[in-house]
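This report refers to the structure that appears directly beneath it.
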Amino acid sequence: MKQLTPMDSHFFYFEAPNQPMMIGSLWLCDQSTAPGGLVRHKDILQYVSDRLNTTSYFRRRLEKAPFQLDDPYWLDDENFDLEYHVRHVGLPQPGDWRQLCIFTARTMSRSVDMERAPWEIYIIEGVNNVEGVPPNSFAVLIRFHHAYVDGKASLELTTAMMEETADHEYGRRDRVEVAERAPTRLEMWSRTTPRMMGQAWRSMRAGLTAGRKSIELARRLRSEAKPEQRRVPRTIFNVQISPHRSYGALTWNIPELKRMRQLCPGATLNDVVISIIAGGMRRYLSHHNQLPASESLVAMCPVSVRPSEAMKDCGNLISAMFIGIGTDIGEPLERLSAVRRRTARGVPLARDVLCDLNNAVGDMMPPYVRALGAWLQNKSRLASTVPLVNTLITNVPGIPGLVPRYFAGARIVNVFPLAPVSDGMGISHCLTGIYDDLNVGVLADRNIVSDMDFYMSCIQASTEEYRALLAELEKTTAASMPARVEAPKPATNEQADAEPDAEKKPKLAAAGRAKPAAKASESTVSETKGAKSAGAA
């Protein structure tokens, strides 16, 4: 049995009815590519059963220590029931994007049964009116508890559900199924007692690490990582959240985002995306007369410290940087430059200092103290009293390459991510890529962002702002390049006879894939095509 780390247990202990600690992704699947053009529910069950044999992690459930004196353990469930985890639902017609987002938001408002393996798959039929997706398609909503996986580990588990061919070999078993026997109470005490006796040694060792890293953190904050702003402004996002959610999504073109890096030398793709989101948040808060005048919103941006050899392991191996995203800066290029400067300072600090510091602080405290602290926080709701961060912006590695991926024979058209919100941080932005698209999924408390359509239109408007600057830069660059004039080559007699009217022949335009834009809802202005959103009723 593998025990939860202090970081894993953080998400387990902070679970509450108003803040389920769930992450997930929403897939749009075209079942016309499947053999016969139809995917039945029994085929999906068999497909998922076959794919589960590639990893044992989908069968893991939590086994709690006696009286919760220690962190829980992961145990292979000997009573694993696949049909409990795979649910089959249908959208009301016409089955458009808004209805799909409403279902997604309502589902993300609930947690999972922690007595079973903490994940669910919803097969959503009736996706008939989503632009860019053929009629008679279906969606797949996959949810994991955050104690189970972080972003990179969830990618490994979700890609285990994908294949590179539409012809699945049903009934194949690549691995023998093994289930662990549930330990007796005496066996659990035999694990817990030595852990409790060794807590003093672990606390002392972790305390030394925490002290050393705290000194290094203080030194860096006074020198190369000195923050440009000393406090987090209070906004409409820094309140106690309800159990209800709203959800929206937007698709960007990755090659275009990479070209936008030219607007600020040294900027990364993440810098561009953060700047676009900041521009959207600035517009949204200005519209509601809630924009802090002189201070930037601060985003928590997780930084993965997971080594490549641990990609297939469950659990959380992450750190985080906290940066001002430039919502106080109206000029887009100046905002991008500020974000680039701040992330260049924040990423090394997160990887070299904050990761070890967070783990050391977690090891210093006995598990029952951490559990009690989380319980008190969930009851008192103190996280919304003093703002520590305004939003979450996390980039989950996407599906690599342009090779089509399939789920039970249905081609996966697109993937939209989801990340949780919590008290004091009522909105989250999660990014992931597939093929040449980068998708952002926005999950928010519905009481805070009830007009998700308008919020997504603000991000789309910010995108258009950077797109216009890029077009202007490329036009200026092209105009400044010296024209290359080549002397015409004398044509031979054979060429002249074969192509007497070559100059009159029209040139064929190169064919390109048009990016479909999602339909804007009635409350969305016509200039915001491309934004996809909806909220739970």
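No experiment lies behind these values; they were computed from the predicted model shown.
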### Query
What pairs of residues pass the ring pair (Phe, Tyr, Trp, His ring centres under 6.0 Å) test when at least one of them lies in residues 354-378, not counting sequence neighbours?
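Every pair satisfying ring pair (Phe, Tyr, Trp, His ring centres under 6.0 Å) with a residue in residues 354-378: there are none.
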
Pairwise side-chain contact, [X] with [Y], heavy-atom cut-off 4.5 Å (strictly under):
X: Glu83; Y: Leu45; value: yes
X: Ser137; Y: Val130; value: no
X: Val140; Y: Ile124; value: no

Side chain [X], main chain [Y], donor-acceptor under 3.5 Å:
X: Asp50; Y: Tyr47; answer: no
X: Ser203; Y: Met364; answer: yes
X: Ser450; Y: Asn447; answer: no

Can you name the side chain to side chain contact (heavy atoms under 4.5 Å, CB included) partners of [X], sequence neighbours left out?
X: Leu186; value: Thr184
X: Arg185; value: Pro66, Trp189
X: Pro35; value: Asp167
X: Ser25; value: Trp27, Ile142, Thr158, Val415

Donor-acceptor pair between [X] and [Y] side chains, under 3.5 angstrom:
X: His145; Y: Ser111; value: no
X: Thr251; Y: Asn439; value: yes
X: Glu15; Y: Tyr13; value: no
X: Arg143; Y: Thr107; value: no

Quick one: pull up [atom1] in [X] and [atom2] in [Y] and give me the separation to the nearest 0.5 Å.
X: Gln31; Y: Asn136; atom1: CD; atom2: CG; value: 4.5 Å
X: Ile44; Y: Met161; atom1: CD1; atom2: CE; value: 11.5 Å
X: Ile399; Y: Met162; atom1: CD1; atom2: CE; value: 4.0 Å
X: Asn359; Y: Lys213; atom1: CG; atom2: NZ; value: 11.0 Å
X: Leu91; Y: Gln99; atom1: CG; atom2: CD; value: 6.0 Å
X: Trp252; Y: Leu269; atom1: CH2; atom2: CG; value: 9.5 Å

Heavy-atom closest contact ([X] atom, [Y] atom, distance):
X: Leu443; Y: Ala419; result: CD2-O, 3.2 Å
X: Asp423; Y: Gln19; result: N-OE1, 3.0 Å
X: Pro20; Y: Met108; result: CG-O, 3.6 Å
X: Ala299; Y: Ile325; result: CB-CG2, 3.5 Å
X: Gln3; Y: Pro72; result: CG-O, 3.3 Å
X: Arg345; Y: Pro348; result: O-CD, 3.6 Å

### Query
How far apart are the C-alpha atoms of Glu120 and Arg87, what are their side-chain angles, what is the distance that settles it, and do they pass the salt bridge (charged side-chain N to carboxylate O under 4.0 Å, His left out) test?
CA-CA 8 Å; Glu120 292 176 343; Arg87 287 103 186 271; 3.5 Å; yes

### Message
Ser190: which residues meet the side chain to side chain donor-acceptor pair (under 3.5 Å) condition with it, sequence neighbours left out?
### Response
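Checked Ser190 against side chain to side chain donor-acceptor pair (under 3.5 Å); zero matches.
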
### Query
For Thr192, which residues count as a side chain to side chain donor-acceptor pair (under 3.5 Å) partner, sequence neighbours excluded?
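Per chain and number, Thr192 pairs via side chain to side chain donor-acceptor pair (under 3.5 Å) with no residue.
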
### Message
Please enumerate all residues that pass salt bridge (charged side-chain N to carboxylate O under 4.0 Å, His left out) together with Glu125, with sequence neighbours excluded.
### Response
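If we apply the salt bridge (charged side-chain N to carboxylate O under 4.0 Å, His left out) test to Glu125, skipping adjacent residues, there are no hits.
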
### Contacts of Asp43 that satisfy salt bridge (charged side-chain N to carboxylate O under 4.0 Å, His left out) - sequence neighbours left out
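Asp43: no salt bridge (charged side-chain N to carboxylate O under 4.0 Å, His left out) contacts found.
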
### Query
Which residues satisfy the ring-ring contact (aromatic ring centres under 6.0 Å, His included) test with Phe80, sequence neighbours excluded?
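Phe80 satisfies ring-ring contact (aromatic ring centres under 6.0 Å, His included) with His85 once adjacent residues are dropped.
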
### Task
List in chain and number order the residues that pass ring-ring contact (aromatic ring centres under 6.0 Å, His included) with Phe138, two or more places apart in sequence or in another chain; answer none if no residue qualifies.
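ring-ring contact (aromatic ring centres under 6.0 Å, His included) list for Phe138, sorted by chain: empty.
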
Students often mix this up, so state it plainly: with edges at 30° and 60°, are the rings of [X] and [Y] parallel, tilted or perpendicular?
X: Phe14; Y: His10; value: tilted
X: Phe11; Y: His146; value: parallel
X: Phe103; Y: Tyr122; value: perpendicular

### Message
Would Glu163 and Arg51 count as a salt bridge (charged side-chain N to carboxylate O under 4.0 Å, His left out) here? Give the steps.
### Response
CA-CA 9 Å; Glu163 290 184 333; Arg51 298 302 298 170; 3.4 Å; yes

#### Entry: Short N-O contact, Glu216 and Arg220, less than 4.0 angstrom
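Answer for the salt bridge query: yes.
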
### Task
Start with the C-alpha gap between Arg195 and Asp70, add the side-chain angles, then the distance that decides, and say whether salt bridge (charged side-chain N to carboxylate O under 4.0 Å, His left out) holds.
CA-CA 8 Å; Arg195 288 271 303 171; Asp70 199 4; 3.1 Å; yes

### Task
Just grab all the side-chain hydrogen bond (donor to acceptor under 3.5 Å, both in side chains) pairs involving residues 392-410, residues at least two apart or on different chains.
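Counting only pairs at least two positions apart or across chains, the side-chain hydrogen bond (donor to acceptor under 3.5 Å, both in side chains) contacts touching residues 392-410 are Asn270-Asn395.
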
### Task
Please name the residue in the list Thr432, Leu28, Ile434 that meets the side-chain contact (heavy atoms from CB on, under 4.5 Å) test with Phe416.
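Single side-chain contact (heavy atoms from CB on, under 4.5 Å) partner of Phe416 among Thr432, Leu28, Ile434: Leu28.
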
### Message
So if I apply the side-chain contact (heavy atoms from CB on, under 4.5 Å) rule between Leu297 and each of Ile323, Asn238, Asn390, Ile277, which one comes out positive?
### Response
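Exactly one option meets the side-chain contact (heavy atoms from CB on, under 4.5 Å) with Leu297, and it is Asn390.
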
### Query
Is there a salt bridge (charged side-chain N to carboxylate O under 4.0 Å, His left out) between Arg205 and Asp363 once you walk through the steps?
CA-CA 9 Å; Arg205 185 176 57 183; Asp363 284 332; over 6 Å; no

